[in-house]
Amino acid sequence: MQKFDVIVIGSGPGGYVTAIRASQLGKTTAIIEKYPVLGGTCLNVGCIPSKALLDSSEKYHEAKTKFSKHGINTTGLTLDWAKMLSRKDRVIATNNSGIDYLMKKNKVAVFKGAASFISKNQIKIKGSKDDTIITGKNIIIATGSKPSSIKGVTLDKKRIITSTEALSLKKMPKELLVIGGGVIGLELGSVYARLGVKVKVIEFFDRILANFDTSISKEMTSSLKKLGIEFYLSHKVLSANPIVNKKSDKVEVVALDAHDKKITFLADYCLVAVGRKANTSGLDLDKVGIETNPQGFIKVDKSLKTSIDGVFAIGDVIGGVMLAHKAEEEGVYVMERLVGQLPHINYELIPNVVYTWPEVASIGLTEKQCLDQGLSIKVGNFPFSALGRARASDDIEGFVKMIADAKSDEVLGVHIVGARASDLIMEVAVAMEYKASAEDIARTCHAHPTFSEAIKEAALATWNNQPLHL
Ligand code: FAD
Ligand code: NAI
C-alpha cells in the first residue's frame, strides 16, 4: 500500500494548488480526481470555459456593434458557433496539460478514480478494474460543488440545463430562459445575448447581483438591458417542464410575479443558475465521522480542520464565497499551518468579479453593510465617461465607487462597473490589505492615460471631494 504525507481529494483550483504547496513544503503528496482530467469545475466547466466564451462572444459583439465607429468595416461578418466551442475546448485542454505538467514537476502522485474514506488515514480509489487503497498522514478534502436547483424544477440536462450544458450547447438556441440573476445567469446570459439569442432572466429578488452594492445592480441592469436581456425581477419560479412533441422541443417555465400573477415563459432552454451545493457524494464521510452542516457543507474550524483530527477541507465544499481564488488561498493556508508557518486569510478582502461587459468588480463592504454596521462613512464616485483613456477606447460605461471611514479615511469598500474592472480591483485589494486611506490612493501617482486613473479620481472624490477631472 502506498503511503503519503498528504492526500488531496479533488483536483480543482483548491485541490491542485494544495498539492503543489504540499510538495513545495517537502511533503510526499498524492492527488485523487474522479474525472479523467485534472482541473475541477473551474477549469473544465466553470471559470475558464465561461471566460473563453465570454471573450469570443464579446469580440463578435464588438465587431458587430462597435467596430464601424472606429472606422473598421465588417461587412460579411458571420458567426461559427462550432468553431467558438472548439476553441473553448482547446483552451481547456491546454490548461489540463498545464496542470499535468505542474503535478509532474512537483512530484505529486496522480490517481484517477472516485475516492472514499475507509478510515481517517486510508482512502479507497475506485478504479475501472480494481480498487486501490492509499494512506496519508493528512487528508485534504477539496471535492468542490455542483449545481443546485429549486422546488418544482428538475434538471433534466437536456432542456432544463445547468451551466455545464450551457457551455456546450450543440445548436444555437433562439430563446434562452435563465432562472437566477446571479453571476452564472448574467455571465452565460451575456454570452448568448451577444450572439443574438433572446435571453430572459427571472430573478427572485427585486434586483440582479443581489449580493453586490445596489449601485452595481442598477448600473448592470441598465447596461444588460441595452444588450437586449429582459429582466423579470421579484418573480418566484413555480415550475419548469420540457415540452417535447413533434412540433416543438421547448421548455415551459411558470413563475409568480410581484402581484402573485402567474406568468408563463416558453423558450428553447432553461438555464438554472440558482447557486451551488457541496459535493460530498460517495466520500463516505459518515464512516469516519466527518460532520456536515444542515446545508451539506463540511464543517471546519478556524484552521479548516474537519471534525476529525488530521482531516481538513477547503474550497467550495466548506461553503462561504464559492470562488476559485478563495479555494486556492485555503489550500495554501492549510499546508503552511501544517508545517508550523503562520499564514492568514483575510476573508473580508476577497475580490469578487463578474466578467460581463462592462465588468463588475467589488471588494470589502457595500454601502448597505457599512450602514447596517452603524459605521460613519463617506462615499466618492467617478464615472468612466470622464476618463480620457475610456473615451479613447469608447468604453465609457460604468464608475468607480469608493467607501471610506468618515473619520480615519480608511478605505472600507470599492465597487467598480467598467472596462477592465477585474484587473483594476487588485490595486485597491493591495491598498486595503495594508489599511490604506483614500488619501493614500489619491496621492499615489497613476500613469496617464489609463483606466486606473478612475481609481485615483474616486479616491480623491472620497478623501476631499475634489476629483480633478469632474
Ligand atoms: P472544484 O473546482 O469543484 O473541484 C472539485 C474536484 O473534486 C472536481 O474535479 C471533482 O470531480 C473532484 N471530486 C469530487 N468528488 C470526488 C471524489 N469522491 N473523488 C475524487 N475526486 C472528486 N470562480 C472564480 O473565482 N472565477 C470565475 O470566473 C468563476 N467562474 C465560474 C463559472 C462557472 C460556470 C461555474 C460553475 C463556477 C465558476 N467559478 C468561478 C467558481 C469556481 O469554479 C469554484 O469556486 C472553484 O472551482 C472551487 O474550487 P474547488 O477546488 O473547491 O472545487
Ligand atoms: P448566485 O448565488 O450568484 O446567484 C443565484 C441567483 O439565483 C441569486 O440572485 C438568487 O436570488 C437567484 N434565485 C435563487 N432562487 C431563485 C428562484 N427560486 N427563482 C429565481 N431566482 C432565484 O449563484 P450562481 O449564479 O448559480 O453561481 C454559483 C456560484 O458560482 C457563485 O457562488 C459564484 O461565486 C460562482 N461563480 C463565480 C463566477 C465569477 O467569479 N465570475 C462566475 C460564475 C460562478
Side-chain angles (χ1 to χ4, degrees), residues 8-18 31-51 53-54 111-117 123-126 141-153 162-164 166-167 178-188 201-212 217 232-238 253 255-256 271-284 313-328 330-331 350-356 359-361 422:
V8 183
I9 307 177
S11 72
Y16 85 77
V17 167
T18 308
I31 192 165
I32 310 169
E33 173 53 57
K34 73 175 172 187
Y35 281 115
V37 286
L38 304 181
T41 304
C42 180
L43 168 49
N44 296 294
V45 290
C47 327
I48 300 298
S50 59
K51 265 80 261 180
L53 289 182
L54 277 156
F111 292 86
K112 300 272 173 74
S116 57
F117 279 88
I123 302 292
K124 182 169 85 182
I125 305 157
K126 204 163 174 35
I141 307 170
T143 49
S145 63
K146 50 189 176 187
S148 56
S149 191
I150 50 175
K151 209 171 141 233
V153 178
T162 71
S163 50
T164 302
L167 288 166
V178 180
I179 306 179
V183 195
I184 292 182
L186 299 189
E187 286 190 354
L188 293 181
V201 174
I202 308 171
E203 166 58 48
F204 180 75
F205 284 121
D206 60 0
R207 63 183 177 113
I208 56 170
L209 296 175
N211 295 333
F212 287 75
S217 307
Y232 295 84
L233 305 175
S234 305
H235 276 60
K236 186 177 180 219
V237 171
L238 300 175
V253 172
L256 273 188
L271 164 61
V272 181
V274 294
R276 294 174 63 85
K277 58 185 178 189
N279 185 10
T280 54
S281 54
L283 280 173
D284 285 343
I314 60 152
D316 281 11
V317 78
I318 63 169
V321 289
M322 289 184 164
L323 295 173
H325 38 289
K326 177 255 192 191
E328 291 181 24
E330 289 178 339
I350 294 179
N352 204 349
V353 174
V354 191
Y355 298 81
T356 42
E359 291 182 335
V360 171
S422 55

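All ligand and atom numbering here is 1-based and tracks the order in the structure.
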Residue selection (non-hydrogen contact nearest [atom]) among [options]:
atom: atom 5 (C) of ligand 2; options: A255, P351, A273; value: A273
atom: atom 32 (C) of ligand 1; options: G15, P13, G46; value: G46
atom: atom 38 (C) of ligand 1; options: A115, C47, A324; value: C47

What part of [X] sits under 4.0 Å from ligand 2 if we count only heavy atoms: the side chain, the backbone, both or neither?
X: I179; value: side chain
X: L209; value: neither
X: E187; value: side chain

* Asked: Within the structure, does V353 bring an N/O atom to less than 3.5 angstrom of an N/O atom in ligand 2?
  ->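 Yes; the residue has a nitrogen or oxygen that sits under 3.5 Å from a nitrogen or oxygen of the ligand.
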* Any N or O on E203 sitting closer than 3.5 Å to an N or O of ligand 2? ->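 Yes; the residue has a nitrogen or oxygen that sits under 3.5 Å from a nitrogen or oxygen of the ligand.
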Before signing off on this row, confirm whether [X] and ligand 1 have an N or O atom pair separated by under 3.5 Å.
X: I184; value: no
X: D316; value: yes
X: K34; value: yes
X: G14; value: yes

* Report yes or no: does a heavy atom of A210 sit under 4.0 Å from some atom of ligand 2? =>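 Per 4.0 Å heavy-atom rule, A210 does not contact ligand 2.
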* **Test item, R276 contacting ligand 2 (heavy atom, 4.0 angstrom)** =>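 R276 counts as a contact of ligand 2 under the 4.0 Å cut-off.
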Tell me: protein heavy atom nearest [atom], and distance?
atom: atom 21 (N) of ligand 2; result: F204 N, 3.1 Å
atom: atom 18 (N) of ligand 2; result: I150 CD1, 3.2 Å
atom: atom 35 (C) of ligand 2; result: M322 O, 3.4 Å

Any [X] heavy atom less than 4.0 Å to ligand 1:
X: I9; result: yes
X: Y16; result: no
X: V45; result: yes
X: K51; result: yes
X: G113; result: yes
X: R276; result: yes

Considering non-hydrogen atoms only, spot the tightest contact between [X] and [Y] and give its length.
X: V321; Y: K326; value: O-CD, 3.2 Å
X: S116; Y: G282; value: CB-O, 3.2 Å
X: I202; Y: A255; value: CG2-CB, 4.4 Å

* Asked: Does the side chain of K34 come within less than 4.5 Å of N279's, by heavy atoms?
  ->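 Yes; the side chains approach each other to less than 4.5 Å.
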* Flag if over 12 foreign heavy atoms under 6.0 Å of NZ, K51 ->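 More than 12 heavy atoms, drawn from other residues, nucleotides or ligands, come within 6.0 Å of this atom.
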